[in-house]
Amino acid sequence: MEYNFVEIEKKWQAYWADNKTFEVKSDNSKPKYYVLDMFPYPSGAGLHVGHPLGYIASDIYSRYKRLKGFNVLHPMGYDAFGLPAEQYAIQTGQHPEVTTVNNIARYREQMDRIGFSYDWSREVRTCDPKYYKWTQWAFLEMFNHWYNNDTQKAEPIDLLISRFEKEGNGLVNAACSNQKIFSAAEWKSFSEADKSEILMQYRIAYQGETAVNWCPQLGTVLANDEVKEGFSVRGGFPVEQKKMKQWQLRVSAYAERLLADLEPLEWTDSLKDMQRNWIGKSQGAEMIFKVSNGDTEYDMTIFTTRADTIFGVTFMVLAPESEWVDKLTTPQQREAVDNYLLMAKKKTERERMAETRKVTGVFSGSYAINPLTGENVPVWISEYVLAGYGTGAIMAVPAHDSRDYAFAKCFNLPIIPLIEGCDISTESFDAKDGIMCNSGFLNGMSVKEAIPAAIDYVEAKGIGKRKINYRLRDAIFSRQRYWGEPFPIYYKDGIPTAMSESELPLELPEVDKFLPTESGEPPLARAENWEYNGFPIEKSTMPGFAGSSAYYLRYMDPHNDSALVSREADEYWRNVDLYIGGTEHATGHLIYSRFWNKFLYDCGYVCEQEPFKKLINQGMIQGRSNFVYRIKNTNTFVSYGLKDSYDTTEIHVNVNIVNNDRLDIEAFKAWMPDFANAEFILEDGEYICGYAVEKMSKSMFNVVNPDRICDNYGADTLRMYEMFLGPLEQSKPWDTKGIDGVHRFLRKLWRLYFQGDDFSISDEKASPAELKVLHKLIGKAQTDIENFSFNTTVSAFMIAVNELYDLKCNKREILEPLVIVLSPLAPHIAEELWSLLGHKESVAFASFPQYIEAYTIEDSFEYPVSFNGKMRFKITLSKSMSVKEVEAAVLADANTSKYLQGASVRKVIVVPSKIINIVC
RNA sequence: GCUCAGGUGGUGGAAUAGGUAGACACGCAGGACUUAAAAUCCUGUGGGCAGCAAUGUCCGUACGGGUUCGAUUCCCGUCCCGAGCACCA
């Protein structure tokens, strides 16, 4: 009987759905295991073969863990709010919800065909009010909490208010935007509006004015991770810096915990490094410099990591946006400075990037006094100093900082070397290495000694203190967009006020158009009665990462109306044991989720500090584009090998009408009307296409749909082939060249059970050789699956089946465990064989380990023996021999071996289970 | 510039507490079955040299060194590709 994958797959997918095979409940009798995929944004293009790569891997692991006796939570859902559906809505007038629901239906259909073992009863959609109720709830919790640096956790805002009433804010050590000191009496005298404004500086979700990434084409602000190289990640539009009042999350308060808790996580080093870089901790010191514009003297604070270089400071630099600029610009320099600021302001972010190494700057007219040498140094203003980091002002040490060096060279400022023997004639000496000179009391110390010594000195003198800075900024949390969660905030006499949690969800209102209003307000301003007891409601919506920050918690208890997740469900499922997804979320979702989780932990809603214990980043599947070559000004196409003899244009051709780089000419003619009368110059009777590896996208006609593979080969072949392609973590182009090999394997496996058309197995006992094949496979499959090395798992099956073929095996004793071991990888064929073997239950209920114990293999092995590193002969040894006995046996054999020819044996090296080496 | 990951046949890739490099698969070549095709099966397949042949022998894991009886694996240096960050003081 032929391996009829179409029928088999349809049958078992229906069986799993009807029997709710993969629905899961909390069960204290079994250990839990939580396997999660990063849920997809349901785009209009549907799934391509790259999407399921990670899903297949997680599905194999989930099924494997079930066989091992775990209670496995393996859910799926949709990250359904977002820009593309809204952009589409603006163009077509189609409501984003309609588009989204359609796309979700299509995604579901495609996923179902691959045979995933998701518990669909737990599906979540971020755009569902029942779901986003809890996104809004978390926002309100953040609004109602502040971060106490003394206890290192979030605390209720009411406790802060009562402290203000008792003692003012002088002793409060908070993560806070502004620190004007006030007393308890002053607090009580403040107006409601003043109090609200002060509290806003403490809240974890707060409204604050900062420079934000503004994208005019999208009409919204964006978070740092949504901008790459000056363009929006979604859409690729230019982004500029603009000062605006926006909702923000005080992620920076958690910087140290986010950094420290990274350590024990089972993530790849490169991903942890990305997060470490993004958090960007640097230890250094703040130092006070006296500055004077001729009339007034001020204390100006700067941040440096190189306190040891203070004797080499020859000038100071301010960021153009620094508040010091105005104070320190002298009347003589006013015009020059104003011109410079104007020039700097007009530049877009993109221009700044493009001119990244171009030195610009202007002298303020003021001078600072070096606190250690007492010397006067000029204060300059330059773009290369960032307002948002440190204090927005630096001390410049051109000898030992390449940026300061370039600046000094450009404006002819002095350069003083501070390290013995360093060469600074053409570039600065940035290494933290060498012996100090020209540095007063630091002379003779190494740099590593000098840094703490210098800080100790300035601390003792009261002109500076140790300080840690982070690059991690607070997350901008509002978007001037329609398709997102509304903020449960209204403005009572202009004061932003939280709704109560019992009033959630605040549902997204209907609007007539999805565009901003004529006056530039966000689309929600179009909604009728968008108000609360007569007060206007916030018109921005939340960003994409809001809904994805806690979705893994919701899966634990998806239908709970009274909590994000119940205590019982949280304590049973705890956190995600295995998370699979792409690296593109390294500095976005994976930071925000960790922050969100830590916040909920502080509040006592969840029991784990970290959401994702182990994380695997599947590689990207790139597209493999094909090209045809049209001779210019003709409708004649020339095959790849001959194209260089003609003047041709390269044209992308749909990869779905190309097979192994050979063009299906008839399909090509039918593909587009232009090509209906095309002529071809062939080589060897075929048209060979060129190819290139590119991103998989519609415009390059290189999108391969998983449905097409399921049609031609079946889901089990797709699953195994995607795994066979190479290591999970590696990026690779999609190429169907080898898919026949995998499909052949499944057919061969199928045939193992059939004699002609009849299902045929015997009850004969398995031979030791057959058991050895099986045992080897079980052991290999087990360790490989545990290590997520699925490509070698597939190979192991191919080897085993080939070996069983050589042994002409069709005994049920062997084949039953083979089917079970295979079932995580190719579940449909495994289920079918399992039922043919006479088992009614789905293999999902059988278990792996009992077979490991049931079969043993014989005890003797052939060991290769090498002589001075070269393989010479083999010797049969038994497993139970000690190393000494092995050595004696080898020695005895060696002395009679023709290869040694009487040479004296110096040493026998035994490497257990690998090789034996004789040294003469 | 900084950080990280990687470089193995015609191709995708195996093999690292140092131990027979190239598993498995694709492709290619030859063969069997067949009127033929499909499907299936068998054989060969890193390179050079010697041999009718079995086989032997040398060279080979980006390049140059080192440690070791033995290095794709460990150490130092160079080159190349990929990813992330990028005036973060």
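Lettering follows sequence order; numbering is per chain, from 1. The model shown is predicted, which means the values in this text are computed figures rather than measured ones.
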* **Rounded distance in Å between the P positions of B/G6 and B/U43** => 37 Å
* Asked: Do the numbers put A/R594 on top of the ring of A/W267, so that NZ or CZ is under 6.0 Å from the six-membered ring centre and no more than 45° off the axis?
  ->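 Pair A/R594/A/W267 counts as cation-pi.
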* Check whether NZ of the Lys or CZ of the Arg A/K467 lies under 6.0 Å from the centre of the six-membered ring of A/F303 and within 45 degrees of that ring's axis. => no
Taking any heavy-atom pair under 4.0 Å as a contact, classify [X]: base, sugar-phosphate, or nothing.
X: A/F745; answer: nothing
X: A/D404; answer: nothing
X: A/I394; answer: base
X: A/S270; answer: sugar-phosphate
X: A/E729; answer: nothing

* **Note: A/K272-A/E263 ion pair, threshold 4.0 Å (strictly below)** =>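 Judged by the 4.0 Å cut-off on N to carboxylate O distance, A/K272 and A/E263 do not form a salt bridge.
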Between the protein and nucleotides 40-44 of chain B, list the N/O to N/O atom pairs that are separated by less than 3.5 angstrom.
from: B/U40; atom 1: OP1; to: A/R747; atom 2: NH2; distance (Å): 2.5
from: B/U40; atom 1: O3'; to: A/R751; atom 2: NH2; distance (Å): 3.1
from: B/C41; atom 1: OP1; to: A/R751; atom 2: NH2; distance (Å): 3.2

* Base orientation of B/G9, syn vs anti, 90° cut from 0 ->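 Nucleotide B/G9 adopts syn.
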* To do: State whether A/Y389 places a side-chain N or O below 4.0 Å from either non-bridging phosphate oxygen (OP1 or OP2) of B/A89.
  =>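 So the side chain of A/Y389 is within the cut-off, an N or O lying under 4.0 Å from OP1 or OP2 of B/A89.
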